[in-house]
Amino acid sequence: MKKKDTGLQPPYGFETRSIHAGATPDPYTGARSTPIYQTTAYVFDDVEHASDLFNLQTFGFIYSRLNNPTVSVLEERIASLENGRACVCASSGHAAQFLVFFTIMEPGDHFIASSNLYGGSITQFGESFRRLGWNCTFVNPQNPDNFKKALTPKTKAVFIEILANPGGIVVDVEPIAAIAHEAGIPLIVDNTLATPFLCQPIKWGADIVVHSTTKFLSGHGNSMGGALVESGKFNWNQNDKFPTMTSPDTAYHGLNFYETFGDFGFCMKARAVALRDFGPSMSPVNAFMTISGIETLPIRMLRHVENATVIAEFLESHKSVEWVSYAGLKSSPYNTLARKYLPQGPGSVFTFGVKGGYDGGVRLVENVKLFSHLANIGDTRSLILHPASTTHRQLSDEQRINAGTEPDVIRLSVGLETANDLITDLDQALDSLK
Ligand SMILES: *Cc1c(COP(=O)(O)O)cnc(C)c1O
C-alpha cells in the first residue's frame, strides 16, 4: 500500500515523468533501472508491524497479490502521466475493468456504456457482468443525451472509450462527464487507444481512467497488463449510491474507505478488497516490461501518429479502397473532436473498407507480408485484422453491422516501421484484389 512521494508531479514535463515518475535508484544496490522484485512475500519488522500492515494502518508490502515494489513503480508512473491521484495495476485490461466495477457495483445495480467499445468489453459487460447482477445499457455515444435518457435510480457509472476501438471514432467527453456528474455518478474512461500522451481524460471530467497496458503503454506486443487510475476528485459521499465506499467494511474491522483514505480511497478499496479477493495481480516481470515501454511512450506515439496519417492518406487515394475512417483525416466526421481532445493526433488504430467485400478482406489479409495478421493493437509492428472473418465471425450480419464490422472492414494498428515499406506492402496486397 506504499504511497511514497517521488516529487515528480507536474510541472515536470510529460517526457520527464515517463522516464522518472515513481522510480528512484534502488536504495540497497544503487541499481538505476527499476529491479524486478521477483518475490512473493516481504519480511515483517515485528508482530506489531505485521498487524498494522494487515489492518491498513501503515503502508508497506505484505504479499505480491496485493502489491509489489516493481508494480508500485508502474502504478505511480501511470498515475502521474494521467494526472491522477493513485493507480492500481492488474493482470490485464479486462481484469482492471472488473476491479473498477466490483469496487462500486452491487447485484441489481446498473451502468451505462458506449456502444463503441472494444469487442471484448461488450462481451464482458453484456454477458459476464450480467451474470453477477451488474446490468449494462449500451447507448450510441454520438449523442450525449443518450446517456441521460438511459439513467435509472440504480445507475452507478458511465463508461466510454474516448478514442474508440475498432477505430476512427472520437467521443465528446465533456458533455458526457457533465451528465454523469449531474446524476452523482462517476465517468469511467478507457484511454487505451489514446494513451495519456495523446489525451488525459481526467482533464475533461473523467473520474476513473482504465487501461489495457497490453497495448501502447507496454508498446511492444509482449506483456499483458491493465491499470485503473482515480482522479481523486469524485465525492463518493454526495449521495447514498456508493455504500461500498462509504459504509464500514466488515473485512477490515469496520473501516470506511472513503473517510479513511479520502482522495485515494477508491484505489485502496480496489486493491484491499477486489484485488485481494479475486487475485488478478500484475506480475513483476510484466510491470518491468511496461515501465521500460513507457519510457519511450512520447516518441513512439508521435511516430505511430505520423505513420498512421501517411497510411490513411495513401489508402484514401487508393482505387481498391471504398472509405477510410481515421479521425486525423479532414474527411472524418470526428476530425473536429479529434483536434479538441487529441491535438497531437488520434492514435494509430483505424479502419477502412476494401472493394470486393468479404472476399476482398480475406484476400488482403492473406497477401500482406510486412503487416502481421493477428488480433492485437499497439505493437511496434504493424498489425492487420479482418474482423468479419476472424474476431466477429460468429456474429449475425446484423450484430456485425452494429459492431461496425461489416464484411469489407479492415482494421489496422500502424506500427513504427518505415512508412514507405508499409505503403508498399499494402499496395501490393491491394493489387491482388483486382
Ligand atoms: C485490449 C483492450 C481491452 C482489454 O484489455 P486486455 O489487456 O486484452 O484484457 C480493453 N479496452 C480496449 C480499448 C482494448 O483495446
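Residue numbers count from 1 along this sequence. Indexing begins at 1, ligand by ligand and atom by atom, following the structure's order.
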Would you call Glu316 and Lys330 a salt bridge, using N to O less than 4.0 angstrom? no

For ligand 1, note which part of Thr213 has a heavy atom under 4.0 Å away: side chain, backbone, both or neither. neither

Please confirm whether Gly225 approaches ligand 1 to less than 4.0 Å, judged on its heavy atoms. yes

Name the closest protein heavy atom to atom 6 (P) of ligand 1, giving the residue it belongs to and the distance to 0.1 Å. Gly93 N, 3.3 Å

Check whether His220 reaches the backbone of Ser218 with its side chain - one donor and one acceptor, N or O, closer than 3.5 Å. yes

Per-atom contacts of ligand 1 with Met224, taking only distances under 4.0 Å to non-hydrogen atoms: 7 (O), 8 (O)

Can you list everything that forms a ring-ring contact (aromatic ring centres under 6.0 Å, His included) with Phe129? Sequence neighbours excluded, please. Phe101, Phe125, Trp134

Atom CZ of residue position Phe278 - does it have more than 12 heavy atoms of other residues, nucleotides or ligands inside 6.0 Å? yes

Pull out every atom of ligand 1 sitting under 4.0 Å from any heavy atom of Ser92, numbered as shown with elements. 7 (O), 9 (O)

Which atoms of ligand 1 have any heavy atom of Glu161 under 4.0 Å away? 13 (C)

Under a heavy-atom criterion of less than 4.0 Å, does Gln97 contact ligand 1? yes

Within 6.0 Å of NZ in Lys148, more than 12 heavy atoms from elsewhere: no

Within ligand 1, which atoms have a heavy atom of Ile377 less than 4.0 Å away? 15 (O)

Atom 12 (C) of ligand 1: which of Val349, Thr214, Asp190, Val210 has the nearest heavy atom? Asp190

Ring centroid separation Phe159 to Phe111 under 6.0 Å: no

Report yes if Asn165 has an N/O atom closer than 3.5 Å to an N/O atom of ligand 1; otherwise report no. yes

What I want to find out is whether Lys269 reaches Glu230 closely enough, with some N-O distance under 4.0 Å, to be called a salt bridge. no

For atom 1 (C) of ligand 1, what is the nearest protein heavy atom, given as residue, atom name and distance? Lys215 NZ, 1.4 Å

To check your reading of the model: name the closest protein heavy atom to atom 9 (O) of ligand 1, its residue, and the distance in Å. His94 N, 2.9 Å

Just checking, any donor-acceptor pair under 3.5 angstrom between side chains of Ser382 and Glu417? yes

